[in-house]
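Taking it in order: structure first as structure tokens, then the write-up.
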Amino acid sequence: ASDEQQRTSARKKIDLFTPAPECMGAAIVPFKGDRQVVMSSLQIGDFREGFDLESGGTTTVTGSTANGNSDDDGIEVDATGNVTITDSEASGNYDEGFDLDAGSASVTVTDSTANDSETDDGFEVDAGSLTVTNSTANNNDDEGFQSFVSGNTLYDRVTAIGNLGDGID
């Protein structure tokens with residue numbers, strides 16, 4: 001691809017994540033439809049809401065941060081496909097740090113942190129199966145890790161201390 005095509009492609013990707021004035025403080029208008037959503041290396045903080053992603057396919061969040069959002073979750077995902085969160089942080093948000101709903105599909109969380117949620121859980125997960133590895137949920141107003149899972153659940157090398165509710169529920 002030519003340099004101009006690459007610049008145009010990069011601008012389109014950036015424009016996809018630019019908040020519109022009608023978002024009223026939200027970082028991203030929800031994605032809707034049957035498509036894969038990939039979010040990598042994005043940061044937002046001190047908005048009313050963090051990232052709100054809705055996907056008819058799989059959703060992958062890597063190396064992203066949503067801290068200090070004053071009215072809702074840090075990163076919320078509603079997907080019909082698998083959800084993967086890697087090397088991401090959602091701390092100091094009003095509601096959940098991560099609110100992940102994959103329906104009957106699987107959720108995988110690796111090397112991620114959700115501390116200091118003001119009114120709710122660090123991680124809240126609704127899924128068919130759940131694997132959490134090397135992740136932290138400390139000092140949240142409710143549970144560190146709250147899961148509603150119909151199949152297998154695996155927690156490996158997690159830390160969940162100082163939560164007002166259970167560390168893992």
Side-chain angles (χ1 to χ4, degrees), residues 12-20 22-45 47-67 69 71-115 117 119-137 140 142-156 158 160 168-169:
K12 286 180 182 176
K13 289 178 184 175
I14 291 169
D15 289 345
L16 184 64
F17 293 103
T18 302
E22 63 271 16
C23 293
M24 297 173 31
I28 294 181
V29 175
F31 290 95
K32 294 184 180 182
D34 294 328
R35 64 176 121 174
Q36 177 181 3
V37 174
V38 176
M39 186 171 85
S40 181
S41 302
L42 294 178
Q43 297 181 356
I44 186 163
F47 276 85
R48 282 186 49 227
E49 299 180 21
F51 296 111
D52 186 0
L53 309 173
E54 295 182 25
S55 167
T58 62
T59 302
T60 303
V61 176
T62 303
S64 295
T65 304
N67 294 337
N69 296 293
D71 195 41
D72 207 351
D73 306 316
I75 297 176
E76 180 176 356
V77 176
D78 292 303
T80 59
N82 296 336
V83 174
T84 303
I85 308 293
T86 305
D87 193 31
S88 294
E89 180 180 2
S91 294
N93 295 291
Y94 179 75
D95 208 358
E96 283 94 9
F98 291 91
D99 186 355
L100 311 173
D101 186 349
S104 61
S106 68
V107 171
T108 302
V109 177
T110 307
D111 297 322
S112 295
T113 301
N115 295 333
S117 292
T119 65
D120 218 327
D121 310 311
F123 291 86
E124 182 173 305
V125 179
D126 294 281
S129 65
L130 171 64
T131 301
V132 181
T133 306
N134 199 37
S135 295
T136 303
N140 295 290
D142 203 358
E143 276 74 35
F145 296 92
Q146 172 80 25
S147 61
F148 304 96
V149 177
S150 59
N152 295 329
T153 302
L154 171 67
Y155 289 97
D156 183 28
V158 300
I168 298 174
D169 184 28

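For the single chain, residues carry numbers from 1 onward in sequence order. Just so you know, these numbers come straight off a predicted model, no measurement behind them.
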How would you list, by chain and number, every residue that makes a ring pair (Phe, Tyr, Trp, His ring centres under 6.0 Å) with F148, sequence neighbours excluded?
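Not a single residue meets the ring pair (Phe, Tyr, Trp, His ring centres under 6.0 Å) criterion with F148.
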
State which residues pass ring pair (Phe, Tyr, Trp, His ring centres under 6.0 Å) with F98; sequence neighbours excluded, sorted by chain then number.
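F123.
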
Could you state the interatomic distance from OH (Y94) to OG1 (T119), rounded to the nearest 0.5 Å?
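Between atom OH of Y94 and atom OG1 of T119 there are 4.5 Å.
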
Approximate separation, where rounding is to 0.5 Å, of I85 CD1 and I75 CD1
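These two atoms lie 6.0 Å from each other.
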
Shortest non-hydrogen separation from [X] to [Y] and the atoms involved:
| X | Y | answer |
| --- | --- | --- |
| V109 | S135 | CG1-OG, 3.7 Å |
| A137 | G144 | CB-O, 3.3 Å |
| S88 | G63 | OG-N, 3.3 Å |
| A79 | G57 | CB-O, 3.7 Å |
| A114 | G122 | CB-O, 3.2 Å |
| S64 | S41 | OG-N, 3.3 Å |

Under the side-chain contact (heavy atoms from CB on, under 4.5 Å) test, residues paired with S91 that sit two or more places apart:
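Listed in chain order: N67, E89, T113, N115.
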
Please identify each residue that fulfils side-chain contact (heavy atoms from CB on, under 4.5 Å) with A102, with sequence neighbours left out.
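Here the qualifying residues are V83, A105, V107, A127.
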
Residues, nucleotides or ligands: over 12 heavy atoms within 6.0 Å of D156 CG
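Check passes, neighbour count above 12.
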
Flag, side chain of [X] to backbone of [Y], donor-acceptor distance under 3.5 Å:
| X | Y | value |
| --- | --- | --- |
| S117 | G97 | yes |
| N93 | A66 | yes |
| D121 | E143 | yes |

Pick from L53, T86, D87: which one makes a side-chain contact (heavy atoms from CB on, under 4.5 Å) with V61?
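Per the side-chain contact (heavy atoms from CB on, under 4.5 Å) rule, the option paired with V61 is L53, out of L53, T86, D87.
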
Please say which of N140, D142, D73 ends up in a side-chain contact (heavy atoms from CB on, under 4.5 Å) with D120.
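Answer to the side-chain contact (heavy atoms from CB on, under 4.5 Å) test with D120 among N140, D142, D73: D142.
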
With sequence neighbours excluded, tell me which residues meet side-chain hydrogen bond (donor to acceptor under 3.5 Å, both in side chains) with Q146.
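Here no residue qualifies.
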
Please evaluate residues Y155 and L130 with respect to the criterion side-chain contact (heavy atoms from CB on, under 4.5 Å), reporting the C-alpha separation (whole Å), side-chain torsions for both, the decisive distance (0.1 Å), and the verdict.
CA-CA 8 Å; Y155 289 97; L130 171 64; 3.5 Å; yes

Listed once per pair and sorted, the side chain to side chain donor-acceptor pair (under 3.5 Å) pairs that draw on residues 95-108, sequence neighbours left out
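As it turns out, the side chain to side chain donor-acceptor pair (under 3.5 Å) pairs with a partner in residues 95-108, which skip direct neighbours, are N82-S106.
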
Measure the shortest side-chain to side-chain distance between F145 and V132 over non-hydrogen atoms and say whether it is less than 4.5 angstrom.
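In contact.
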
For N134 and V158: C-alpha separation, side-chain torsions, deciding distance, then whether side-chain contact (heavy atoms from CB on, under 4.5 Å) applies.
CA-CA 5 Å; N134 199 37; V158 300; over 6 Å; no

